[in-house]
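Below is one structure; the comments refer to it alone.
Computed over heavy atoms, backbone and side chain alike; hydrogens, waters and symmetry mates excluded. Small disclaimer: the values here were computed from a predicted structure and weren't measured.
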Amino acid sequence: MQRTNVTRRDLIKLGGLAAAGAISATALASCAPSTPEEAAKAASATGSLEGVPSFLQAPEPITEFAETREYDVVVVGAGESGLSAVHAALEAGAKVACMQSISTVQTAGNMAAALDLDKTSEAGLKACLSFINYKSDWRSNPDLVEVWARNSQEALAWWEAEAAKGGVESKPYDYSIAYNGYEFFLHANTYFHVDGAHQAAAKVIGEALAAAGADFIFNTPCVQLHKEDGRVTGAIGRNADTDEYILAKASKGVILATGDYVGNREMLDFWAPDTKGLHQAIEFRDGSGLCAGMWAGAQMTAPCHTKMVHGEAAPVRFEMPFLFLDRHGERFMDEGCCRMGYLNEFSKKYLAETGFEDSTASKFFSIVPANWQDYYEQWDALAPYDISTNNAYRAVDPESWIKADTFEELAQAMIDYADEQPWSHELTVEAVVASIERYNELVAADSDDDFGKRPEYLVPIEAPCYAVPRGANNIDAMLDGLEVDGNYQCLDADRVPIEGLFAVGNASGPFFGGANYPMDIEGLSIGRAITTGFVTGRYVAGL
């Protein structure tokens, strides 16, 4: 095989992936480019873009506009991060537009966490940064995490107060985590109790921002960014009703607050192939804003991208390490890793069993003794980051669980439940009973010869007992977007800031950087979105 020189600059552009344009036409069949620039090089070398993902094929620049509007700051996206950026820019005296692909503001989630600086010491703050990095496989950008830590209290206080002005009250939730010998304190705004959850708060905040002078351009997806002399100077939107292009020019900067690409299966297969078979919960977040950023020279963060996988309602989000049984009625893991955010890592073989066509193949049951509450405090002391029976202020509800007086009755009730849902399964009474009896043998021997679970978690299952339906199968968000610096300014292939272009919320990264969203800090994703928009809007307006 002919060898080809690959420069360090090429590798940086690829975000850790070998790209066709950098290594020869021979490799093109087996490895696609990772950036629009690499796609262009591949086309030049081969005369073809066959095999190149469509989102890496930069279109011709749009130059004809039905309308041009002039602003200081243009925000693309009207979710938590976008609304926060609009507010901060307005407050700093800027003329602001917000371009949104659909007809309304739109957010996801119902809880946002902030670091309580009134209670947390400086050492505690730094321990919090270390904890987030630890949970993210040490791939976080520490500058981005610190922006959240030092500014989230102010940002979320604004969100909470502004929503309350519109009649949407938060039910606060306060908690703390000890790490490295230091304690840090968190405060969360929660809207679980509100019909429409966080969306209700966003709507009244959006109305207030419009009344304060922000120009919301709805039903107008951003399809490209406008550049002049290498600087991003505006956002180009296509009016969904007229199919005409609008140029919203920005003298100070464009802030991409477009969210992630969870609705784009082609992008998921490319950047996060480990999401195959999971249900895409939100289709309209199609990654188009990220594409516009890449076409303007911004770089996606290197894989693997952090994914948020949910699928358990609060009454059954029972995160204690009792016996877990899979779709066959068989034990399949060391249950010590019981947090919802990580359980998808154990489901891939079950998704494959259904040809990745049925996401419910990842569902399972936790088999729980009637005296489960007796173990909570001692287990929580052993692993405070992994054990939980609480989803914010909402506790699990045994009334939502399956209960039976014998193992055989429990097994049949599990089968009936799975059939009614419907869940993909191959449960039998015989398999379930045999698995429970085998587990009790291991408990009696005080040695988990099957999976090596720590002895403190080995407790017998005796009838009557419960089966708790569990399993995360919805991919709700991808939490890594365009690479940014500490000012949330987008970086090019050489890690040089791109003039006039910023990204916030899930359109930016790497904030987490690990394979999975760390559920240990409830609401951190939305708290980070609000904070980054809040901080960046003020910064861009002041340029």
Approximate separation, where rounding is to 0.5 Å, of [X] [atom1] and [Y] [atom2]:
{"X": "L268", "Y": "L278", "atom1": "CG", "atom2": "CG", "value": "9.0 Å"}
{"X": "M267", "Y": "T275", "atom1": "CE", "atom2": "OG1", "value": "12.0 Å"}
{"X": "L156", "Y": "L186", "atom1": "CG", "atom2": "CG", "value": "10.5 Å"}
{"X": "S136", "Y": "F512", "atom1": "OG", "atom2": "CZ", "value": "6.5 Å"}
{"X": "Y175", "Y": "N390", "atom1": "OH", "atom2": "CG", "value": "10.5 Å"}
{"X": "Q100", "Y": "L83", "atom1": "CD", "atom2": "CG", "value": "8.0 Å"}

task = Tell me whether the guanidinium CZ or amine NZ of R339 lies under 6.0 angstrom from the six-membered ring centre of Y342 and within 45° of its axis.
result =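 No.
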task = Decide side-chain contact (heavy atoms from CB on, under 4.5 Å) for N487 and T536; before the verdict, give the C-alpha distance in whole Å, the side-chain angles of both, and the deciding distance to 0.1 Å.
result = CA-CA 7 Å; N487 293 321; T536 306; over 6 Å; no
query = Does a salt bridge link E160 with K165, judged by any charged N lying under 4.0 Å from a carboxylate O?
reply = no
request  = Identify whether the distance between the nearest side-chain nitrogen and carboxylate oxygen of R538 and E154 falls below 4.0 Å.
outcome  =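 Counted as a salt bridge, because a side-chain N and a carboxylate O are separated by less than 4.0 Å.
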[X]: which residues meet the side-chain contact (heavy atoms from CB on, under 4.5 Å) condition with it, sequence neighbours left out?
{"X": "K119", "value": "D116, F185"}
{"X": "V396", "value": "F318, W372, T389, W401"}
{"X": "N180", "value": "S130, Y182"}
{"X": "S359", "value": "H279, N473"}

Within the 3.5 Å criterion, strictly below it, is a donor on [X] or [Y] matched to an acceptor on the partner's side chain?
{"X": "H305", "Y": "Y261", "value": "yes"}
{"X": "D476", "Y": "H310", "value": "yes"}
{"X": "S288", "Y": "D286", "value": "yes"}

Determine all donor-acceptor pairs shorter than 3.5 Å in which one atom belongs to a side chain in residues 249-259; sequence neighbours excluded.
| unit_1 | atom_1 | unit_2 | atom_2 | d |
| --- | --- | --- | --- | --- |
| K249 | NZ | E228 | OE2 | 2.9 |
| S251 | OG | D72 | OD1 | 3.3 |
| K252 | NZ | L543 | O | 2.5 |

Side-chain atoms of residues 500-510: list all donor-acceptor pairs with protein atoms under 3.5 Å, sequence neighbours left out, distances to 0.1 Å.
| unit_1 | atom_1 | unit_2 | atom_2 | d |
| --- | --- | --- | --- | --- |
| N506 | OD1 | R528 | NH1 | 2.9 |
| S508 | OG | G505 | O | 2.7 |

inquiry  = Applying side chain to side chain donor-acceptor pair (under 3.5 Å) to Y488 and D143, what does each step give before you reach the verdict?
reply    = CA-CA 10 Å; Y488 282 83; D143 292 341; over 6 Å; no
query = Which residue pairs satisfy the side chain to side chain donor-acceptor pair (under 3.5 Å) criterion with at least one member in residues 377-386, sequence neighbours excluded?
reply = none
note = Of all heavy-atom pairs linking I387 and M320, the shortest is CG2-CG, 4.0 Å
task = Please name the pair of heavy atoms, one in T306 and one in D480, separated by the smallest distance, quoted to 0.1 Å.
result = N-OD2, 2.7 Å
ring-ring contact (aromatic ring centres under 6.0 Å, His included) against [X], all qualifying residues, sequence neighbours excluded:
{"X": "F364", "result": "F324, F332"}
{"X": "H87", "result": "W158, F534"}
{"X": "F356", "result": "none"}
{"X": "Y376", "result": "none"}

note = So the salt bridge (charged side-chain N to carboxylate O under 4.0 Å, His left out) pairs with at least one residue in residues 269-282 (sequence neighbours excluded) are R265-D269, D274-K307
message = Over 60° means perpendicular and under 30° means parallel, so tell me whether W138 and Y134 are parallel, tilted or perpendicular.
response =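 Rings of W138 and Y134: tilted, as their planes differ by 30° to 60°.
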ask   = Does L343 reach the side chain of R470, with side-chain heavy atoms less than 4.5 Å apart?
value =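 L343 vs R470: side chains touch.
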query = What about the rings of Y179 and F184, do their centers lie closer together than 6.0 Å?
reply = no
inquiry  = Between T301 and E483, is the side chain to side chain donor-acceptor pair (under 3.5 Å) condition met? List the steps.
reply    = CA-CA 5 Å; T301 56; E483 188 94 16; 5.2 Å; no
